[in-house]
Structures are given as C-alpha cells and as structure tokens.
Amino acid sequence: MSNEITLKEWSVIYVPGCDYMLAGTADNHPKLGINARISHTSSVKSFEIVEDVARVETQSNTYLCPLKYLDLWTCLDEPMGEEGNAIGDMECVFNYVRYKLRPSSMTDLFTPDLKEFEHIDELRRAGARELAAQKSENVKRMMDYAAKFDKSLYIELSSVSIGSTGVYNMDGKTGVIEPEFRTGLVYDSVCYTKAGLLDFRYWPYRGPRQDSRVYAWSDGLNHVLIRNLKAMDITFNGQRLRSGIVTELTRPPEFPAPGPDAP
C-alpha cells in the first residue's frame, strides 16, 4: 500500500518518454523527512480533484496536493499526453496553467472557464498568505532558539545536497541566511556566508561514505547547530547527527584544501 503525503508548492511536470510527474515540498516524507524538496516523483498513475485537493497516485506513493499550494510558475506547458493516458482531471489544471502562462500573442486553444480559474486563483492567494505566515512563524521560532547561543548559526536541515534556511546570532546581529549552492568542477558546495559576520561551507556527502565535509568555518563563529529534519541520520566530518535532533557540530581541528574548483 502506498504512502499518503501532502505536497506544498507543488507543480506538474512532463518529461518526454516518462509521462507526467510531480514536484514540490513534502510535509513529512517517510523516507526523505520533513519539508523535503522533491525534484520529481515517479510517473503519475491517476489524478483526481476532490474538494479543492488533487489526489495523485504515482508508481510509489499517493500525494495530496491542495490547489491552494499549486505553483504555476514551475508547471511546464507541455503536451497533454497520448490518448488512453489515465490522467483524469489533470486536464483542467493544465488548461489553467496554459491559460496563465501563454504568451499574450498566443491565441487560446480552448474556451477557458473563467469562474473555475478565478476560484483556483483565489485559493492560491489564500495559500500564499498561509505559507508566508508559516514561514514567519518558523523564522521566529528559529531565532528564539539561536538567541540562546552567542555567535551562532542554526540550520534546520531538510536537504543536505543544497542546504536549507538558517538563522544567525552574531554579537547582537540576527537575521535569516539562505544557503548558496555552488557547482564545482570536482565538488559541489553549500555556502552560508554573511559579509563581515560569518562564513560556513561544506561539501555535501557523495558516494558510499555519505559524509559531508566542512571546509570553511570563520573564526568568529562559535556555534554551528543543525536540526536534522531528514528521516535518517546524517554525518558531518564523521560526526553523527540523529534524525529530528539538534546537534552542535564539532569544529574540525583543520580543514581540507578546497582544491582548484572551490570558490
């Protein structure tokens, strides 16, 4: 029996030869953890909208996708699929996406049901306000936690590979810090930098070791605290970070050489 997972900021994508898929942020994925960003699911088997929620079955899981959390800007305007595709009411969503994203010079290829579009637009505006309020509450909660540690960086990590939002508390200066993902010739890196305040960088784990390596940690940064939101334990420099727990990283005695591709 498949798992039932709620998706926020979700979209429908089409990969030629692979049929339709979903992308979005899972509230609590049984394998990936809390607020896990999913770049694509397995192929969609069925799609049904009931009471403003799309219930989508893929090859692996069942996703509940509230229309208020639909992210139109990442939906791809692609062909509707071949005849016999068991896609059901997905057509109305794609018609809406096409209607919103089509170039102004393009003639409508269908007769839009404006009342339906207006309803989805209203839902999406309400969803955007709800997500903004949730983000504000999360930031405040994270700030309150970081305030317990002077000269600190606190990250609630749901994605090791690209990083997640953090907050800092450095000599009375506080704020939100978003990770910067940098692609290198040999190693990719995740960087938390704030000019004049802090610099923390690591190479995401890769290969069988599954161990991320910190290669930059500014001198004025005394505490790096990570809450592991993933559904499994992870490691940094061999240090185990248990799922769901806040762990303070131990500063390495020395850092590996960045190499020619480092920033």
Side-chain angles (χ1 to χ4, degrees), residues 5-11 22-41 69 71 74 128 130-149 151-170 174-184 187-195 197-206 210-218 221 223-237 239-251 263:
I5 304 163
T6 298
L7 276 188
K8 297 179 179 179
E9 298 174 299
W10 64 276
S11 58
L22 295 176
T25 300
D27 61 344
N28 194 354
H29 194 284
K31 294 183 178 179
L32 302 178
I34 298 172
N35 295 331
R37 184 64 190 171
I38 299 175
S39 59
H40 65 83
T41 63
Y69 298 142
D71 182 2
T74 56
E130 182 181 322
L131 291 176
Q134 290 176 3
K135 183 176 182 179
S136 179
E137 290 176 5
N138 284 338
V139 166
K140 182 181 183 306
R141 175 182 51 76
M142 292 173 67
M143 288 285 197
D144 290 343
Y145 186 86
K148 303 174 184 178
F149 305 89
K151 300 181 179 179
S152 65
L153 169 64
Y154 172 49
I155 305 167
E156 296 197 339
L157 195 61
S158 58
S159 174
V160 177
S161 59
I162 61 174
S164 303
T165 299
V167 298
Y168 61 86
N169 175 27
M170 299 291 293
T174 62
V176 177
I177 185 167
E178 298 291 349
E180 181 183 355
F181 177 76
R182 300 184 181 181
T183 302
Y187 299 114
D188 297 332
S189 61
V190 178
C191 308
Y192 292 84
T193 58
K194 198 73 175 178
L197 286 180
L198 64 89
D199 188 3
F200 176 77
R201 311 182 189 195
Y202 68 88
W203 293 313
Y205 59 65
R206 54 186 296 171
Q210 297 288 290
D211 186 23
S212 298
R213 311 297 290 182
V214 177
Y215 72 88
W217 184 322
S218 54
L221 181 60
H223 306 278
V224 175
L225 305 117
I226 297 179
R227 182 185 296 276
N228 176 15
L229 298 185
K230 297 185 71 63
M232 60 182 181
D233 294 352
I234 58 177
T235 63
F236 274 73
N237 305 314
Q239 182 180 353
R240 188 177 184 183
L241 280 64
R242 294 188 179 275
S243 174
I245 303 298
V246 177
T247 303
E248 181 169 359
L249 288 188
T250 300
R251 184 186 177 110

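Computed over heavy atoms, backbone and side chain alike; hydrogens, waters and symmetry mates excluded.
Gly244 and Arg227 make their closest contact through O-NH1, 3.5 Å (heavy atoms, listed as atom of the first residue, atom of the second, distance). What you find for Ser189 and Cys191 is that their closest heavy atoms are OG-SG, 3.8 Å. Smallest separation of non-hydrogen atoms from Ala23 and Ser39: CB-O, 3.3 Å. Considering every non-hydrogen atom in both Ile177 and Tyr168, the closest pair reads CB-CD2, 4.1 Å. Heavy atoms only, all atoms of each residue included: Ser152 and Ala146 are closest at OG-O, 3.4 Å.
Expressed to the nearest 0.5 Å, how far OG1 of Thr25 lies from CG of Leu131 amounts to 9.0 Å. Distance check: Asp211 CG to Phe236 CZ gives 9.0 Å after rounding to the nearest 0.5 Å. Taking OG of Ser243 as the reference point, atom CD1 of Ile245 lies at 8.0 Å (rounded to 0.5 Å). The distance from atom CG of Leu249 to atom CG of Leu221, rounded to the nearest 0.5 Å, is 10.0 Å. From Ile155, atom CD1 reaches atom CG of Leu229 across 11.0 Å, with rounding to the nearest 0.5 Å.
Between Val246 and Tyr154, some side-chain heavy-atom pair lies under the 4.5 Å cut-off. Using a 4.5 Å heavy-atom threshold, the side chains of Thr247 and Ile226 count as separate. In this structure, Met170 and Lys194 have side chains that are not in contact, with every pair of non-hydrogen atoms separated by 4.5 Å or more. Residues Ile162 and Asp188 form no side-chain contact, since every pair of their non-hydrogen atoms from C-beta on lies 4.5 Å or further apart. Side chains of Val160 and Tyr202 form a contact here, defined as non-hydrogen atoms less than 4.5 Å apart. You'll find the side chain of Val190 reaches within 4.5 Å of the side chain of Pro204, heavy atoms only. With contacts defined as side-chain heavy-atom distances shorter than 4.5 Å, the pair Ile38/Leu7 qualifies. Between Arg251 and Val224 there is no side-chain heavy-atom pair separated by less than 4.5 Å.
Between the Asp71 side chain and the Trp10 main chain, no donor and acceptor come within less than 3.5 Å of each other. Looking only at distances, no side-chain donor or acceptor of Ser218 sits under 3.5 Å from a matching main-chain atom of Leu198. Within the 3.5 Å criterion, the main-chain N or O of Leu22 finds a donor-acceptor partner in the side chain of Thr41. A donor-acceptor pair under 3.5 Å is formed between the side chain of Asn169 and the backbone N or O of Phe149. In this structure, the side chain of Glu156 does not engage the main chain of Met142 through any donor-acceptor pair within 3.5 Å. With Ser164 contributing its side chain and Ser159 its backbone, the two residues share a donor-acceptor pair below 3.5 Å. The main-chain N or O of Val214 is found under 3.5 Å from a side-chain atom of Asn237 such that the two form a donor-acceptor pair.
Scanning for salt bridge (charged side-chain N to carboxylate O under 4.0 Å, His left out) contacts around Lys140 gives Asp144, with sequence neighbours left out. Considering only residues two or more places apart in sequence or on other chains, Asn28 meets the side-chain contact (heavy atoms from CB on, under 4.5 Å) condition with Ile34. Under the side-chain contact (heavy atoms from CB on, under 4.5 Å) criterion, Met232 pairs with Tyr205, Lys230, not counting sequence neighbours. Partners of Glu248 by side-chain contact (heavy atoms from CB on, under 4.5 Å), not counting sequence neighbours, listed by chain and number: His223, Leu225. When the salt bridge (charged side-chain N to carboxylate O under 4.0 Å, His left out) test is applied to Asp27, no partner is found at least two apart in sequence or on another chain. Residues meeting the side-chain contact (heavy atoms from CB on, under 4.5 Å) test with Glu178, sequence neighbours left out: Lys135, Thr165, Val176.
Taking the six-membered ring where the residue is Trp, Phe200 and Tyr192 present tilted rings, their angle falling between 30° and 60°.
A salt bridge does not link Glu130 to Lys8: none of the charged nitrogens lies less than 4.0 Å from a carboxylate oxygen.
No side-chain N or O of Arg240 forms a donor-acceptor pair with one of Thr235 less than 3.5 Å apart.
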Leu157 and Asn228: CA distance, side-chain angles, deciding distance, side chain to side chain contact (heavy atoms under 4.5 Å, CB included) verdict: CA-CA 5 Å; Leu157 195 61; Asn228 176 15; 5.6 Å; no

